[in-house]
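First the proteins, then the strands, lettered A, B, ... as listed; each starts at 1. This one's a predicted model, so the numbers in the text were calculated from it and none came from an experiment.
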2 protein chains.
Amino acid sequence: MIDRPETEPTPLDDAARAGWLYYVAGLTQDQIARELGTSRQRAQRLVSRAISERLIHVRLEHRVSGCLRLEAELARRFGLKLARVAPSLGVGVDPLPSIAPTAAAEIERVLRAAEPQVIAFGTGRSLRATVEEMTSMECEQHKIVSLNGNISADGSASYYDVIFRIADRVRAPHYPMPMPVIAQSTEERELFHSLKPVQSVLRLARDADVTFVGIGQMSDDAPLLKDGFITADELRAMQALGAAGEVAGWVYDSDGHYLETSLNQRVAGVRVEVGEGRMAVAIAGGTPKLVALAAGLKGRLFNGLITDELTARALLA
Amino acid sequence: MIDRPETEPTPLDDAARAGWLYYVAGLTQDQIARELGTSRQRAQRLVSRAISERLIHVRLEHRVSGCLRLEAELARRFGLKLARVAPSLGVGVDPLPSIAPTAAAEIERVLRAAEPQVIAFGTGRSLRATVEEMTSMECEQHKIVSLNGNISADGSASYYDVIFRIADRVRAPHYPMPMPVIAQSTEERELFHSLKPVQSVLRLARDADVTFVGIGQMSDDAPLLKDGFITADELRAMQALGAAGEVAGWVYDSDGHYLETSLNQRVAGVRVEVGEGRMAVAIAGGTPKLVALAAGLKGRLFNGLITDELTARALLA
DNA sequence: TCAGGTCGCGAACAATTACTCATCAACCCG
DNA sequence: CGGGTTGATGAGTAATTGTTCGCGACCTGA
């Protein structure tokens, strides 16, 4: 995206203004039209643009009692230090729009901490959507580090890459990992890992105080496959070995134990590990991810979970 | 329909859920009613309750959102009918390039009105820069009138004169004021004012529907001095009398009250006054003008303000 | 027990918002 | 230069939302 010079006579600034007047000031679109000196139709279009461009963020400042019970139960059952359950929007509906704002609030809570933290982020649709929901803030004291490489097979930065987006929002020092998500070979991985700058980023990521990750399923619709990081053959091979899910490219089985596959010997990023004083929070929801989530919880691969109501209920069933 | 959890939801829980479904999932209140197993009216009441109980927080994530907040605050604090804050370009940078396009848009909005308006303009760098940003348009229905005389001491038309420029751009009937900005004496002023054609222009300017003016500071770098309308001695004398700023040549103190100086008895143009149905909009920004602006706002010399972000923040501090 | 008050409900209606459609101008692109 | 495409616009209309009103349930104190 090209950012325009700031003096510009407003491209979607009008949309922002309209959205502000509509949602914050509570004006009717008719009044907004008068305010902006335009037609009612245009005002309506501006308002709806403000939504579709994700300029408007909505948060729920109330913990629904049903969700609270699920959170407590999840924490108990899976030994979680943090459990957050967003109200579901309905069966069969993508839970991301519900999870993302909830997760964003949680990340912001971490960022508001006064003492400096190292915060690591994975990649994926969930995280990307979450970051889009975050507010801008000034967090010079923290460090934001990427868990995975952020260069895809064709050399382009992945669309779902999160680190730059988040760093942009919170204006904190950030450490991308300048290498592929998955190396061609173990040797190539070692080559990357032997580079000085990479080593310090790896160290930072490994020792991060808080880590936020998405979860990938290893069924036929695996994100790793969809995004072109592995081939259909590789996927089938790992399914045969019992692959149940994947975190930051690291594949694990239905007990939540990491597999000894050729892929895992080529993943360039760091493996998520929980430890005392260190949080690893999974952000995921939806039926396709149920198996992967359940396996990861069973193996205690993370000690935090942000999901939605229906997923939570299914996990507990 | 989803089966409800076994615990009874508190009244607020339902409101929260309804609000979530409405704003996040984007369901209609009808769908929410079905989802919750209730009537449409109840769904509507739950949604509005979620707002009135402040369970739902709406925010705007856009770089101008801060400006909108400042506008609302300025309007509230200083009783303005119009407040516009342009995003600043940075500390220490001339804010004019940011203010001018914003102000130009505002002026154009007035000009687009179908019913005939009388629009008065002051002079100065800010207005001049603003006019340069305006697009051409056909506005035969309006009248454009100058607030001040537009002949400087040496007989030349002032470079910062605005009226001809604007009239040229919008092709509207225009009324310059054929006399000096500041007369040699009160008598000379009265002489000019007694002329028939001058009187009608004065009347037009005094009763203008909308007036746009710049603000001049009265510190040592006063525009009045720089442009040779007053001498350094005169400036010092007025500073001693508490001069804080000046609008169209009329000097006022830090409470926004016009001074009874010899200069004010010689200013040839009309004094800006707000009135019901009449707007007086100040276009100004930058550190040097802060004192003058604050004073003018305090004295309610104008009921509209177009400025930049940094200035707005300083005015509110 | 009963008058009086409050509250939530649904019906009906008014206000507001969203969508569809036809038009038009700008913009490519050969 | 002409044809096709895109994108913005206002008119008109359908859908949705907000409000008012009367009703009945329920509480409460005399």
**Q** For A:L36 and D:dA8, what is the distance between atoms CG and C1' respectively, to the nearest whole Å?
**A**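 Nearest whole value for this atom pair: 16 Å.
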**Q** Is any NZ, NE, NH1 or NH2 atom of the basic residue among A:R49 and A:D14 found under 4.0 Å from an Asp or Glu carboxylate oxygen of the other?
**A**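 Salt bridge between A:R49 and A:D14, a charged N being under 4.0 Å from a carboxylate O: no.
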**Q** Go through the N and O atoms of the side chain of A:Q41 and the base of C:dA18, and report whether any donor-acceptor pair is under 3.5 Å.
**A**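 Looking at the base of C:dA18, it does not pair with any donor or acceptor on the side chain of A:Q41 (distance under 3.5 Å).
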**Q** Whether the A:T135 and A:R169 side chains hold a donor-acceptor pair (N or O, under 3.5 Å, no angle test) is what I'd like checked.
**A**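 No, A:R169 and A:T135 have no side-chain donor paired with an acceptor closer than 3.5 Å.
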**Q** Could you tell me whether the side chain of A:R45 has a donor or acceptor atom within less than 3.5 Å of a complementary atom in the base of D:dG7?
**A**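 Such a pair does not exist between side chain and base.
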**Q** Between D:dG10, C:dG10, C:dA18, which one does the side chain of B:S39 approach most closely?
**A**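 Ranking D:dG10, C:dG10, C:dA18 by closest atom to the B:S39 side chain puts C:dG10 first.
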**Q** What is the separation between atom CG on A:D30 and atom C1' on D:dG10, rounded to the nearest whole Å?
**A**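 Spelled out: CG on A:D30 to C1' on D:dG10 is 14 Å.
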**Q** Please check this pair: side chain of B:S98 against backbone of B:D308, looking for a donor-acceptor N/O pair closer than 3.5 Å.
**A**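 Answer holds: no.
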**Q** Once you round it to whole Å, what is the distance between P of C:dT16 and CD1 of A:I32?
**A**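 Going from CD1 in A:I32 over to P in C:dT16 covers 12 Å.
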**Q** When we call it a touch if two heavy atoms are under 4.0 Å apart, what does B:R40 touch: a base, just sugar-phosphate, or nothing?
**A**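 Base: the residue B:R40, judged by heavy atoms under 4.0 Å, touches a nucleobase.
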**Q** Would you mind reading off the distance between A:L46 atom CG and C:dT17 atom P, rounded to a whole angstrom?
**A**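 Distance, rounded to whole Å: 14 Å.
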**Q** Identify whether any heavy atom of B:Q44 sits under 4.0 Å from a base atom; if not, whether one sits that close to sugar-phosphate; answer base, sugar-phosphate or nothing.
**A**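 Touches a base.
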**Q** Are A:E133 and A:R59 within salt-bridge range, i.e. N to O under 4.0 Å?
**A**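 Answer for the salt bridge query: no.
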**Q** Distance check needed: D:dT19 P versus B:R49 CZ, whole Å only.
**A**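 It works out to 16 Å between those atoms.
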**Q** C:dT16 P sits how many Å from A:Y23 OH, rounded?
**A**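 Value for this atom pair: 16 Å.
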**Q** Check whether any side-chain nitrogen or oxygen of B:T28 sits under 4.0 Å from OP1 or OP2 of D:dA15, and answer yes or no.
**A**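 Checking B:T28 against D:dA15: no side-chain N or O falls below 4.0 Å of OP1 or OP2.
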**Q** Apply the side-chain contact (heavy atoms from CB on, under 4.5 Å) test between B:F121 and each candidate in B:T130, B:I283, B:V210, B:I107; give the one that qualifies.
**A**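 Only one of B:T130, B:I283, B:V210, B:I107 forms a side-chain contact (heavy atoms from CB on, under 4.5 Å) with B:F121, namely B:I107.
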**Q** Does C:dT16 have OP1 or OP2 under 4.0 Å away from a side-chain N or O of A:Y22?
**A**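 A:Y22 to C:dT16 OP1/OP2: no side-chain N or O under 4.0 Å.
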**Q** Would you mind reading off the distance between A:R42 atom CZ and C:dT17 atom P, rounded to a whole angstrom?
**A**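 Whole-Å distance recorded here is 17 Å.
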**Q** Over how many whole Å does the gap from B:Q29 atom CD to C:dT17 atom P extend?
**A**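 In whole Å, C:dT17 P and B:Q29 CD are 12 Å from each other.
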